[in-house]
Amino acid sequence: MKIAGVVTRTIRFDPDRPEAVAVIDQRQLPHQLVWQPLPDLETAAWAIEEMVVRGAPLIGATAAVGMALAGMAARSTADFQGAIAEAAQRLLKTRPTAVNLHWAIAQQLAAVADCQSGAAAFDRLRLRAAEIIEADVQQCAQIGHHGQRLIADIYAQTGRPVNVLTHCNAGWLACVDWGTATAPIYQAFDQGIPLHVWVDETRPRNQGAKLTAWELGQHGVPHTLIADNTGGHLMQHGLVDLVIVGSDRTTRCGDVANKIGTYLKALAAKDNDLPFYVALPSSTIDWTLRDGVREIPIEQRSDREVKYMDGRTESGAIASVLICPEASPAANYGFDVTPARLVTGLITERGLCAASEAGLLGLFPEQGAQNHG
Ligand SMILES: CSC[C@H]1O[C@H](OP(=O)(O)O)[C@H](O)[C@@H]1O
């Protein structure tokens, strides 16, 4: 998407110059645009752990690049396979919930399985990383193409601007470009469909306030930032037409793990008979799992993220402030799981489907042949 009118992606990766890879440091947004170089595997792993980069698809893309950087470092060593396996283990320890991390690492390990030299393995890793990055862009564009119809249909029925609510940041900043939940919004907006987005601030890391509001503003999309607990009230008063969120891991039966608070939005949407859609690329589907509440690992992060807020002071300095008694313990669950029964439908790169095994296999029949879960 564009930053100040310049087409930009979240990660700059040239397979012919992998050592020059850099990512937007999303911890600095919206106040500063900072590009963070990723010179080696460890920096790539650190960037995922510290949420320099975040969002399931971008975590996957960064992991794929991290594996390529490990391959670059090991390209002249005899035990290059051991070094690549070690890199995979390092990356798997970064963040547990987004399945794209596992998917991307598995893709890279498969790419080098039959390599007989470090040089050949490095070539496979850097080229596969570039493919994964390009595929994410195309898949998110397709999610936008399929999802924009939902917004267009509501506009055709009502004849007034469509109010969409989204949670966290499932925007182009969570991907390489376009986003997942935001792709239908951008494409409907670009087609001239009048719309407005309610942006959940999304405590505790405030990805909505810091990232979604910023990227929508950069594109000129009308939006209003709201406290996380506002959505239900808006839905009760007819101010929301559609909820679209992203996913970090979706089971083969349509259960969805997403940023903490998503489940509560789904409950409110159900209670108000409003459509609740989840936008996701197939790299976010975990075909080995069926029951998301029981099986999806939920990341728990530092209590500091709950106890402190950071931002820009009135004097322009970036500061972090304690918002509770220092002695108060805090729990920081990063995600929750929305059961498929609360999901109206899934928006994938292959089209829309019901949040069910039949729905997903209808779009991805190749997965049905394998005995999963
Ligand atoms: C399109 S995936 C975006 C997804 O990732 C976010 O989590 P985090 O910022 O912690 O990586 C959130 O769950 C978004 O919906």
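Indexing begins at 1, ligand by ligand and atom by atom, following the structure's order.
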**Request:** Might you confirm whether atom CG of Asp16 has over 12 heavy atoms from other residues, nucleotides or ligands at distances under 6.0 Å?
**Result:** yes
**Message:** If I apply the N/O under 3.5 Å rule, does His167 come out as touching ligand 1?
**Reply:** no
**Request:** Name the orientation class of the two ring planes belonging to His237 and His233 (parallel below 30°, tilted from 30 to 60°, perpendicular beyond 60°).
**Result:** tilted
**Request:** May I ask you to check whether Gln207 and Arg54 show a side-chain donor-acceptor distance below 3.5 Å?
**Result:** no
**Request:** Please indicate whether Arg160 has more than 12 foreign heavy atoms, meaning atoms of other residues, nucleotides or ligands, lying under 6.0 Å from its CZ.
**Result:** yes
**Request:** Give the residue, atom name and distance (to 0.1 Å) of the protein heavy atom nearest atom 15 (O) of ligand 1.
**Result:** Asn258 OD1, 2.6 Å
**Message:** Counting neighbours of CG on Asn229 that are heavy atoms of other residues, nucleotides or ligands and sit closer than 6.0 Å, is the number greater than 12?
**Reply:** no
**Asked** What is the nearest protein non-hydrogen atom to atom 12 (C) of ligand 1, stated with its residue, atom name and distance?
**Response** Cys168 SG, 3.3 Å
**Message:** Which option wins on minimum heavy-atom distance to atom 3 (C) of ligand 1: Asn169, Thr202, Thr212, Asp248?
**Reply:** Asn169
**Request:** Consider every N or O of Gln207 and every N or O of ligand 1, then say whether any pair is closer than 3.5 Å.
**Result:** yes
**Asked** Identify the closest protein heavy atom to atom 7 (O) of ligand 1: which residue and atom is it, and at what distance?
**Response** Lys259 CE, 3.5 Å
**Asked** Would you say Ser247 has any N or O atom under 3.5 Å from an N or O of ligand 1, going by distance alone?
**Response** no
**Asked** Where is the nearest protein heavy atom to atom 2 (S) of ligand 1: which residue, which atom, and how far?
**Response** Ala56 N, 3.3 Å
**Request:** May I ask you to identify the nearest protein heavy atom to atom 1 (C) of ligand 1, giving residue, atom name and distance to one decimal place in Å?
**Result:** Thr180 OG1, 3.3 Å
**Fill in**
In His31, Lys210, Arg205, Arg27, the residue satisfying side-chain hydrogen bond (donor to acceptor under 3.5 Å, both in side chains) with Asp310 is Lys210
**Request:** Check each atom of ligand 1 against the heavy atoms of Arg95 and keep those under 4.0 Å away; list them by number with element.
**Result:** 8 (P), 10 (O), 11 (O)
**Request:** Over all heavy atoms of both residues, which pair between Ala268 and Gly232 is shortest? Give the atoms and the distance, please.
**Result:** CB-CA, 4.1 Å
**Prompt:** Should we count CD of Glu86 as having more than 12 external heavy atoms under 6.0 Å?
**Reply:** no
**Message:** Does any N or O of ligand 1 fall below 3.5 Å from an N or O anywhere on Phe335, backbone included?
**Reply:** no
**Request:** Return yes if a side-chain donor-acceptor contact under 3.5 Å exists between Thr288 and Asp286, otherwise no.
**Result:** yes
**Prompt:** At the 4.0 Å heavy-atom cut-off, does Pro57 count as touching ligand 1?
**Reply:** yes
**Request:** Could you tell me whether Met51 approaches ligand 1 through its side chain, its backbone, both or neither, with non-hydrogen atoms closer than 4.0 Å?
**Result:** side chain
